[in-house]
Amino acid sequence: MRRTRTRAATLAAATALLAGLAVAPTAHAVTAHHHAETTLGQLAERTGRYFGSAVDNPELTDTDYANLLGKEFDATTPGNGMKWYATEPQRGVFDFTAGDEIVNYAKAKGLKVRGHNLLWHSQLPSWLTSGTWTADELRSILKNHITNVVKHYKGKVFAWDVANEIMNEDGTYRENNFYKTIGPSYIADALRWAHAADPKVKLYLNDYNVEGTGAKSDAYYTLIKQLKADRVPIDGFGMQAHLALQYGFPYQMRQNIQRFADVGVDVAITELDIRVILPSDATKLAQQADWYRRVTNACLAVRRCVGITVWGYSDRHSWIPSVFPGEGAALPWDENLVHKPAYDAIRNALTAAGS
């Protein structure tokens, strides 16, 4: 379910925000030295949270990009390097090269790492998707994969997206290979196996279109309550937050975060970006900045919302244009690594909460 606003109301809000941004050059000059001293990661830490950015392996060769990521943030998530196709390209043959590269980069820069992900219906190796497996065979394959990957990164990541995108929009289970062959018990099994391999790492379920209340987030709420009741190790719920201005801001986001916290799990904003219909303009960027502020404040308002990760921090390496043609400009930095209004909105929200 989405909240909608009239075009007039949206334009009025954007105009008001732009009026506030009109003094930005003066304010920026005053705070330039402060910006150099205090990063988004440091501001988040003052609130007891982290502020991270995902990164994919090819982006590490972009020196300016990698250096800024390592300076501005205090956490990162490998975009693809820990997914199944990368870590177990052949059955029982593991390759941690890509994931290790990002972990080593993060260690050198002083960043924490979120592990992403242990099982997903996409980006699976062909040996797995083309095989015909019994339930027992697939459970054995899944257990072996999770155990090996989690043990390899034990002590190197602070959280894992264990099961990614396991629900449909209507709140039914996605009929992926694991569900069709094993049944819904694969979710609890995956969490138990991950916990056995690293009892200290935080274990998450993660999905998109769950930031507001609705059928999909209700399904996760029900599932997590049941997992807790069954004493299955589940520590957190990841809200990806791939948002788009044309669909409206997620309905009751803060209240939704709170209800998951009230069940006894942490919440993280795991893959945040806010895309616009191109071309971008000042009005769209002002509304986007307002949304980044609202997402940040929604997390800051709930004690168990532990951190925010943007899915790449710059439009230079965003996944959006290739997946959503005609859309983009989704991140707080532009293609030239220059701040957009969204950056200031995030910064101001973190500063206010940490002061």
Side-chain angles (χ1 to χ4, degrees), residues 31 34-82 99 101-116 153 156-161 202 204 206 236 238-242 266-274 288-289 292-293 295-297 299-300 305-319 330-351 353-354:
T31 59
H34 181 67
H35 280 202
E37 291 180 343
T38 315
T39 67
L40 295 185
Q42 290 166 341
L43 289 170
E45 287 170 5
R46 293 177 183 176
T47 74
R49 295 166 177 82
Y50 62 84
F51 202 96
S53 173
V55 69
D56 204 5
N57 294 79
E59 296 157 15
L60 295 180
T61 64
D62 181 343
T63 305
D64 290 342
Y65 183 89
N67 286 343
L68 181 55
L69 187 151
K71 184 181 78 171
E72 188 70 47
F73 301 92
D74 63 339
T76 192
T77 304
N80 290 292
M82 292 182 179
E101 182 183 24
I102 291 174
V103 167
N104 292 337
Y105 159 85
K107 185 176 181 180
K109 298 291 186 179
L111 309 182
K112 299 184 295 185
V113 180
R114 287 192 87 255
H116 176 80
Y153 289 109
K156 298 177 181 178
V157 304
F158 69 91
W160 270 109
D161 291 328
K202 300 291 187 181
Y204 281 69
N206 188 56
M239 299 179 176
Q240 292 181 12
H242 293 298
D266 293 338
V267 176
I269 309 302
T270 56
E271 304 182 20
L272 175 62
D273 47 33
I274 303 172
Q288 179 190 65
Y292 269 103
R293 176 189 62 81
V295 171
T296 304
N297 282 337
C299 181
L300 291 168
C305 187
V306 296
I308 297 171
T309 301
V310 287
W311 205 243
Y313 68 90
S314 161
D315 297 330
R316 180 183 291 190
H317 295 298
S318 174
W319 69 293
L331 293 157
W333 281 258
D334 69 14
E335 294 90 341
N336 298 314
L337 308 184
V338 175
H339 299 162
K340 291 153 66 175
Y343 170 87
D344 294 307
I346 295 165
R347 183 176 191 85
N348 291 341
L350 292 173
T351 300

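Note that these values count all heavy atoms, side chains included, but never hydrogens, waters or copies made by symmetry.
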Worksheet item: Can you name the nearest heavy-atom pair linking Ala106 to Val113, along with the distance?
Response: CB-CG2, 3.5 Å
Fill in: Asp344 versus His339, side-chain donor and acceptor atoms under 3.5 Å
no
Practice prompt. With rounding to the nearest 0.5 Å, note down the distance linking CD1 in Ile269 to OG1 in Thr309.
Written response: 9.5 Å
Item to complete: List the steps, then state whether side-chain contact (heavy atoms from CB on, under 4.5 Å) holds for Lys156 with Lys107.
Response: CA-CA 9 Å; Lys156 298 177 181 178; Lys107 185 176 181 180; over 6 Å; no
Worksheet item: With a 4.5 Å heavy-atom cut-off, do Trp319 and His242 have their side chains touching?
Response: yes
Item to complete: For side-chain contact (heavy atoms from CB on, under 4.5 Å), just list the numbers for Val157 and Met82, CA-CA rounded to whole Å, side-chain angles, deciding distance to a tenth of an Å, and then say yes or no.
Response: CA-CA 11 Å; Val157 304; Met82 292 182 179; 4.1 Å; yes
Practice prompt. Might you work through the side-chain contact (heavy atoms from CB on, under 4.5 Å) test for Leu43 and Arg347, ending with a clear yes or no?
Written response: CA-CA 8 Å; Leu43 289 170; Arg347 183 176 191 85; 3.8 Å; yes
Discussion item. Between Asp161 and Arg114, does any NZ, NE, NH1 or NH2 come within less than 4.0 Å of an OD or OE carboxylate oxygen?
Written reply: yes
Worksheet item: Any idea which heavy atoms bring Arg49 and Thr47 closest together, and the distance?
Response: NH1-O, 2.8 Å
Worksheet entry | Main-chain N/O of Ile274 paired with Gln288 side-chain donor or acceptor, under 3.5 Å | yes
Worksheet item: Shortest non-hydrogen contact from Leu331 to Lys340?
Response: O-NZ, 2.7 Å
Worksheet item: Looking at the rings of Tyr65 and Tyr313, which for Trp means the six-membered one, are their centres under 6.0 Å apart?
Response: yes
Worksheet entry | Glu72 side-chain N/O to Leu40 backbone N/O, donor-acceptor pair under 3.5 Å | yes
Discussion item. I need the minimum non-hydrogen distance between Ala342 and Pro332, along with the two atoms involved.
Written reply: CB-CA, 4.0 Å
Fill in: From Thr38 atom OG1 to Arg46 atom CZ, the distance as rounded to the nearest 0.5 Å
4.5 Å
Practice prompt. Rounded to the nearest 0.5 Å, what's the gap from CD1 on Ile102 to OG1 on Thr77? Could you check?
Written response: 9.5 Å
Worksheet item: Between the side chain of Thr76 and the main-chain N/O of Ser53, is any donor-acceptor distance below 3.5 Å?
Response: yes
Worksheet item: Taking the six-membered ring for Trp, are the ring centroids of Tyr343 and Trp333 within less than 6.0 Å of each other?
Response: yes
Worksheet entry | Heavy-atom side-chain contact between Leu69 and Glu59 under 4.5 Å | no
Worksheet entry | Contact summary for Leu60 and Ala66, nearest pair of heavy atoms | O-CB, 3.9 Å
Practice prompt. Could you tell me which non-hydrogen atom of Ala44 sits nearest to which non-hydrogen atom of Tyr50, and how far apart they are?
Written response: CB-C, 3.7 Å
Practice prompt. Please lay out, stage by stage, how Thr39 and Phe51 fare under the test side-chain contact (heavy atoms from CB on, under 4.5 Å).
Written response: CA-CA 10 Å; Thr39 67; Phe51 202 96; over 6 Å; no
Fill in: Residues Arg316, Asp334: salt bridge by 4.0 Å N-O rule
no
Practice prompt. Answer whether the closest heavy-atom distance between the side chains of Lys109 and Phe73 falls below 4.5 Å.
Written response: no
Worksheet item: If you round to the nearest 0.5 Å, how far is SG of Cys305 from CG of Asn297?
Response: 11.0 Å
Worksheet item: Counting only N and O atoms by type, is there a donor-acceptor contact under 3.5 Å from the side chain of Tyr105 to the main-chain atoms of Gly70?
Response: yes
Worksheet item: Got a second to check how far Asn348's CG is from Thr296's OG1, nearest 0.5 Å?
Response: 10.5 Å
Worksheet item: Ring centroid separation for Trp311 and His317, is it under 6.0 angstrom?
Response: no
Fill in: Euclidean distance, Leu337 CG relative to Leu68 CG, rounded to 0.5 Å
6.0 Å
